[in-house]
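In each ligand, atom 1 is the first atom listed, and ligand 1 is the first ligand listed. What's counted below: heavy atoms across the whole structure, side chains too, no hydrogens, waters or symmetry copies.
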Amino acid sequence: MLKQIKETADYLRKYYSPNTFTGIILGTGLGGLVNEIDIRDTIAYGDIPNFPVSTVEGHEGRLIFGSIRGNEIVAMQGRFHYYEGYSMQQVTFPVRVMQALGIKNLFVSNASGGLNPDFKVGDIMVITDHINMFGDNPLIGKNINELGPRFPDMSEPYSRTLTNRAFEIAEKTGIELRKGVYVGTAGPSFETPAEYKFFRVIGGDAVGMSTVPEVIVARHAGITCFGISIITDSGVPGQIVEISHKEVQEVAAKAEPRMTKIIAELVASV
Ligand code: HPA
């Protein structure tokens with residue numbers, strides 16, 4: 001794996017400016033952030049050695065190098081989901097490449113089902129913590145000491161500093177923000193009513209099918225993380241209705257401008 005990471009990082013280094021410290025995974029709800037990027041280079045995943053190719057509708061696969069308000073960034077437009085059949089190592093491979101390039105902060109977004117009864121569909125939640133319900137972990141296997149410790153600390157998975165700053169930006173711009181615990185599950189089936197209830201009981205505020213693997217690897221790598229989620233449907237008993245990927249995307253599209261504003265300001269602040 002080290003050899004592959006090195007090979008891919010070496011290939012990308014010609015696009016990478018050495019003062020790039022911010023990586024962004026443009027998941028659901030952050031597609032619009034692309035318009036805030038002064039794009040220098042884009043590389044299709046298919047052209048990057050060792051990169052998996054994403055298969056889900058609405059997730060284009062390319063890596064973007066550029067800047068947001070003068071701040072250098074590298075952004076993944078499209079991520080790899082465990083439910084697509086990739087291994088945890090494949091899902092998190094781009095984060096390893098970002099680590100090798102020298103990224104210090106990782107911003108991630110996703111869509112999720114609301115578990116907290118105070119949340120409404122369309123709300124934006126800053127992720128303060130997560131619960132790994134994938135039944136797998138990207139760090140299983142022989143630890144590569146060059147990449148991080150065998151037993152990485154997870155006491156502050158999502159940066160408190162960045163979380164506080166996000167709330168300051170939200171207040172300044174009049175955007176309402178929630179905060180809470182994200183439960184990450186493998187998917188691809190949405191939850192049954194009993195599963196939503198279970199995830200609420202164990203301490204979740206929202207549930208989705210991504211982010212946790214990337215954040216585990218980023219923390220292993222010593223990268224500071226910030227996560228944000230759009231509540232696209234409700235898993236609260238009495239409010240559960242039939243949902244589809246299309247509806248998830250429609251709700252996410254509505255929240256996108258608010259989410260984009262917060263992330264763009266936050267990225268500019270690091
Ligand atoms: N469950 C899991 N993942 C999701 C959901 C959900 O209700 N909504 C959007 N992604």
Side-chain angles (χ1 to χ4, degrees), residues 25-33 54-60 76-86 88 91-92 107-138 157-158 177-216 226-260 263:
I25 302 177
L26 301 170
T28 305
L30 266 189
L33 193 66
S54 78
T55 62
V56 184
E57 197 188 320
H59 293 273
E60 293 163 55
M76 289 177 66
Q77 190 173 29
R79 63 144 62 87
F80 305 104
H81 298 89
Y82 190 60
Y83 60 72
E84 293 176 82
Y86 300 115
M88 279 281 175
V91 168
T92 55
F107 293 80
V108 295
S109 79
N110 60 51
S112 62
L115 302 171
N116 184 326
D118 294 337
F119 291 1
K120 298 182 305 294
V121 167
D123 278 356
I124 301 176
M125 181 187 94
V126 174
I127 303 174
T128 53
D129 201 344
H130 73 221
I131 298 174
N132 178 11
M133 292 298 289
F134 277 80
D136 201 349
N137 188 306
Y158 301 86
L177 269 192
R178 308 288 198 162
K179 64 167 105 167
V181 174
Y182 176 86
V183 179
T185 72
S189 43
F190 290 115
E191 285 63 38
T192 65
E195 287 165 345
Y196 280 124
K197 194 167 160 188
F198 169 63
F199 289 148
R200 179 62 183 157
V201 167
I202 63 169
D205 293 292
V207 53
M209 306 174 195
S210 69
T211 302
V212 167
E214 293 101 318
V215 168
I216 290 174
F226 177 82
I228 195 161
S229 187
I230 298 178
I231 309 297
T232 55
D233 52 272
S234 177
V236 175
Q239 297 177 13
I240 300 170
V241 292
E242 203 177 308
I243 47 163
S244 66
H245 183 55
K246 187 163 169 284
E247 284 161 316
V248 164
Q249 297 220 304
E250 281 166 8
V251 175
K254 274 197 213 131
E256 193 166 290
R258 285 177 280 145
M259 189 117 134
T260 298
I263 295 283

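- For the pair Glu84 and Met209, the minimum side-chain heavy-atom distance is 4.5 Å or more.
- Considering only heavy atoms from C-beta on, Tyr83 stays 4.5 Å or farther from Ser210 through its side chain.
- The nearest heavy-atom contact from the protein to atom 3 (N) of ligand 1 is Gly208 CA, 3.4 Å.
- At a cut-off of 3.5 Å, with distance as the only test, a side-chain donor of Ser244 or Glu247 sits close to an acceptor on the other residue.
- Among Val181, Asp233, Val183, the single residue meeting the side chain to side chain contact (heavy atoms under 4.5 Å, CB included) criterion with Val207 is Val183.
- Scanning the protein for heavy atoms near atom 5 (C) of ligand 1, the closest one is Gly113 N, 3.3 Å.
- The nearest heavy-atom contact from the protein to atom 8 (N) of ligand 1 is Asp233 OD1, 2.6 Å.
- Near Thr232, with a cut-off below 4.0 Å to any heavy atom, the atoms of ligand 1 are 8 (N), 9 (C).
- In the vicinity of Glu191, heavy-atom distances shorter than 4.0 Å reach the ligand 1 atoms 1 (N), 2 (C), 6 (C), 7 (O).
- Nearest approach of Pro157 to Val215, heavy atoms of both residues: O-CG1, 4.0 Å.
- At the shortest separation from atom 10 (N) of ligand 1 among protein heavy atoms lies Ala111 O, 3.4 Å.
- Heavy atoms of Ser112 come nearer than 4.0 angstrom to ligand 1 in at least one pair.
- Those atoms of ligand 1 that come under 4.0 Å of a heavy atom in Tyr196, given as number and element, are 1 (N), 6 (C), 7 (O).
- Here Lys254 does not pair with Glu250 in a salt bridge; the nearest charged N to carboxylate O distance is not below 4.0 Å.
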